[in-house]
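We're numbering straight along the sequence, starting at 1. Just so it is clear, the structure is predicted and the values come from calculations on it, not from any experiment.
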Amino acid sequence: SPRERAEAALALADWYQWHRRYALSLPLYREAWALAGEDGTVWRETVFGEPVELPPGVVFQPGSLRSAEDEDTLLALRMDVSRHGRVESIAWSGGATPPEPALESRVRALFSELRMRPRLASGEAVETRALERQYHMRHRNGAGQP
């Protein structure tokens, strides 16, 4: 079906995006948009309406095993996402105060490596400004060790 072909193109595009092969991923995102067909409006909005962390659904999920030294921190962030899915201009959102400096530098390093599916508008990848997200991060307290 057109939807299944669109989902296959999307999966391949996400794979290329994960491996930072933007020249291969962006045409496949356009193809997935087109393959969704006339009745794909809801699917397009769900899949391409805002940037999505890759791989979808498994990013920043704390593990089930933890030690007594582990802490969970809620990160309330505002960021820009380029049309290539790169996170830029990370800031703390909603009046949130940054965590201790060692943890803040780890958060910035982590997000600079984050890969995202870009937002599409009319089938073209576009930049997203001031995207607000919350993430749970499990970390060791103190010396900034993971």
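- Using cut-offs of 30° and 60° for the angle between ring planes, the His84 and Tyr22 rings count as tilted.
- Taking CZ of Arg78 as the start and OG of Ser89 as the end, the distance is 10.5 Å to the nearest 0.5 Å.
- Note on ring orientation: taking the six-membered ring where Trp is involved, the planes of Phe48 and Tyr29 are perpendicular (angle over 60°, cut-offs 30° and 60°).
- Paired with Glu50 under the rule salt bridge (charged side-chain N to carboxylate O under 4.0 Å, His left out), one option of Arg117, Arg133, Arg129 passes, and it is Arg133.
- Taking all atoms of both residues into account, the shortest heavy-atom contact from Gly123 to Trp33 is N-CE2, 3.2 Å.
- For Thr128, the side chain to side chain contact (heavy atoms under 4.5 Å, CB included) partners are Pro51, Val81, Arg119, Leu131, not counting sequence neighbours.
- Contact detail for Leu54 and Met116: the closest heavy-atom pair is CD1-C, 3.9 Å.
- Taking hydrophobic clusters as Ile, Leu, Val, Met, Phe, Trp and Tyr residues chained together by side-chain heavy-atom distances below 4.5 Å, Val47 does not share a cluster with Leu35.
- In plain terms, the two heavy atoms of Val87 and Phe111 that are nearest each other are CB-O, 3.4 Å.
- Here the side chains of Leu26 and Pro118 are in contact, with some heavy-atom distance below 4.5 Å.
- Taking each heavy atom of Ala13 and Ser25 in turn, the nearest pair found is O-CB, 3.4 Å.
- In the hydrophobic clustering of ILVMFWY residues, with side-chain heavy atoms under 4.5 Å counting as a link, Leu24 and Leu12 come out together.
- Atom CD of Gln134 and atom CG of Leu74 lie 4.5 Å apart (nearest 0.5 Å).
- With sequence neighbours excluded, the residues satisfying side chain to side chain contact (heavy atoms under 4.5 Å, CB included) with Ser1 are Arg3, Glu4.
- Between atom CG of residue Leu120 and atom CZ of residue Arg83 there is a gap of 10.0 Å, rounded to the nearest 0.5 Å.
- Residue pairs meeting the salt bridge (charged side-chain N to carboxylate O under 4.0 Å, His left out) criterion with at least one partner in residues 24-48, sequence neighbours excluded, are Arg30-Glu124.
- Between Leu77 and Ser93, the shortest heavy-atom distance links the atoms N-OG, 3.5 Å.
- Within the 4.5 Å cutoff, no side-chain heavy atoms of Tyr135 are placed close to those of Val107.
- Here the closest non-hydrogen pair linking Trp43 and Ala32 is CZ3-O, 3.7 Å.
- With rounding to the nearest 0.5 Å, the separation of CD in Gln17 from CZ in Arg115 is 9.5 Å.
- With hydrogens and angles disregarded, no donor-acceptor distance shorter than 3.5 Å links the side chain of Arg21 to the backbone of Tyr16.
- The hydrophobic clustering, which links ILVMFWY residues whose side-chain heavy atoms are closer than 4.5 Å, places Leu75 and Met79 together.
- Trp15 and Leu114 are members of different hydrophobic clusters when ILVMFWY side chains are connected at heavy-atom separations under 4.5 Å.
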